[in-house]
Amino acid sequence: RRTLWHGLILAALAGVLLMLMAANLPTLALGSGLIDLTLMAMAVLAMAGTGRGGWRMVVPSVASTLLLVAAGLQMSTAVGTSVLSATRITDQALVLLGIAGLLRILIYPFHPRRLGSPQNAATLILLVGSGLYLLARVQGIAPVLTGHAWVFSMAGVAILAGGIVSWTGRGWGGVAIHQTGLALALAFLVTGMIPWFLIGLVCALGTLAIWWDSSLDEKRSPRPGWLERSVQVAASGWAVLEARIENAMPAQERWRETRIFQYRVALLPTIALLSLAGAPFTVGAVSRWALYSRLLVASGIAQLALVLIADTFLVVGLWTVFRRVLEQISERRPG
């Protein structure tokens, strides 16, 4: 069953890659449709309690695909082509593409309430990543969404709702809602920038999804023979190197007994949480401070205060998640 889930996630990834490389609207709709079929299969095969989250992702995704088809038909009728690099792209088609991107990122309140499994979390990351890319591509062609204030209102509601949901202890879901709203606000306010919000969201939430998956069981999947032999050779070589280092540096034995060394396994999820909180020297800080500065330049004091309140709730929720991560150190598989 686990192998089947991994195969479905790879199929969804193929649909995402098809969307990323699409040069025209029919190809874009084809990749989106492939993602929808994969989501339906995941929802059908999901275990009790986790299938509901999958179905909540299916409905907005199917609507997004239908909007892509409608945009292709509208553009073909008005311009005579559906190529995205055409010199004439109607505003109606771009607005339809933007709304399709909003549905694809599962903006609040379309976001699933409970993910239930790391497989659903990985699927959510693929959907949000493809949707944010679609929004960035639309805004790169022409910033049509910037002319619609309701888009920024949806982003603000998502930011505040995500912070509150995270603060209530639901963790993962609230963080995803908040970060999606933050990314939408940046796509609305800032055009022409490198989509750091997309990179930070996918990397940070992907790291947490891997951490979540490794906490479910302590059993290791059987490895192929060639991989097992390679691992054994590498392990023996590492053991020899480690013994030499210990002989040359006796203080390392004391270092191994320190609390910091015991918590080394939590380094990556800790960096992911810091990035989500917008801590300095992280990818998340680039997008977070870009939003703050843009709001200050636009004299959006009320909006900035709203974002700061939501971020405060988010940081409290992330602190709860961080404490949970530290408590699970003994259950972790360092490999």
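For clarity, every value in this text was computed on a predicted model and none was experimentally measured. The first residue of the sequence shown is numbered 1, and numbering continues consecutively from there.
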Any idea which heavy atoms bring [X] and [Y] closest together, and the distance?
| X | Y | value |
| --- | --- | --- |
| G31 | M19 | C-CG, 3.8 Å |
| I105 | L132 | CG2-N, 3.4 Å |
| A158 | I107 | CB-CD1, 3.7 Å |
| T282 | G278 | OG1-C, 4.3 Å |
| V315 | A277 | CG2-CB, 4.3 Å |
| R288 | L276 | NH2-O, 2.8 Å |

Are [Y] and [X] linked, directly or through intermediate hydrophobic residues, by side-chain heavy-atom contacts shorter than 4.5 Å (ILVMFWY only)?
| X | Y | result |
| --- | --- | --- |
| V62 | L68 | yes |
| V297 | L306 | no |
| L106 | V16 | yes |
| L304 | M154 | yes |
| L182 | I177 | no |

Strictly distance-based, threshold 3.5 Å: is any side-chain N or O of [X] a donor or acceptor partner for the main-chain N or O of [Y]?
| X | Y | answer |
| --- | --- | --- |
| T27 | A23 | no |
| T207 | P269 | no |
| S166 | G163 | no |
| S293 | A290 | yes |
| R104 | L127 | no |
| S61 | M57 | yes |

Measure the spacing between [atom1] of [X] and [atom2] of [Y] and express it to the nearest 0.5 Å.
| X | Y | atom1 | atom2 | value |
| --- | --- | --- | --- | --- |
| I35 | S130 | CD1 | OG | 4.5 Å |
| D36 | L66 | CG | CG | 8.0 Å |
| L273 | L268 | CG | CG | 11.0 Å |
| C203 | I271 | SG | CD1 | 11.5 Å |
| Y108 | L184 | OH | CG | 15.0 Å |
| L134 | L20 | CG | CG | 10.0 Å |

Tested for side-chain contact (heavy atoms from CB on, under 4.5 Å) against V128, the lone hit among L205, T123, T180 is T180

side-chain contact (heavy atoms from CB on, under 4.5 Å) partner of F110, the single match among L102, L103, V59:
L103

Considering only heavy atoms from C-beta outward, does the side chain of [X] approach that of [Y] to under 4.5 Å?
| X | Y | result |
| --- | --- | --- |
| L25 | L28 | yes |
| Y292 | L308 | yes |
| I141 | L97 | no |
| V307 | L295 | yes |
| V175 | V165 | no |
| D311 | H178 | yes |

What's the verdict on side-chain contact (heavy atoms from CB on, under 4.5 Å) for W167 and L314, showing C-alpha distance, side-chain angles and the deciding distance?
CA-CA 6 Å; W167 171 65; L314 176 72; over 6 Å; no

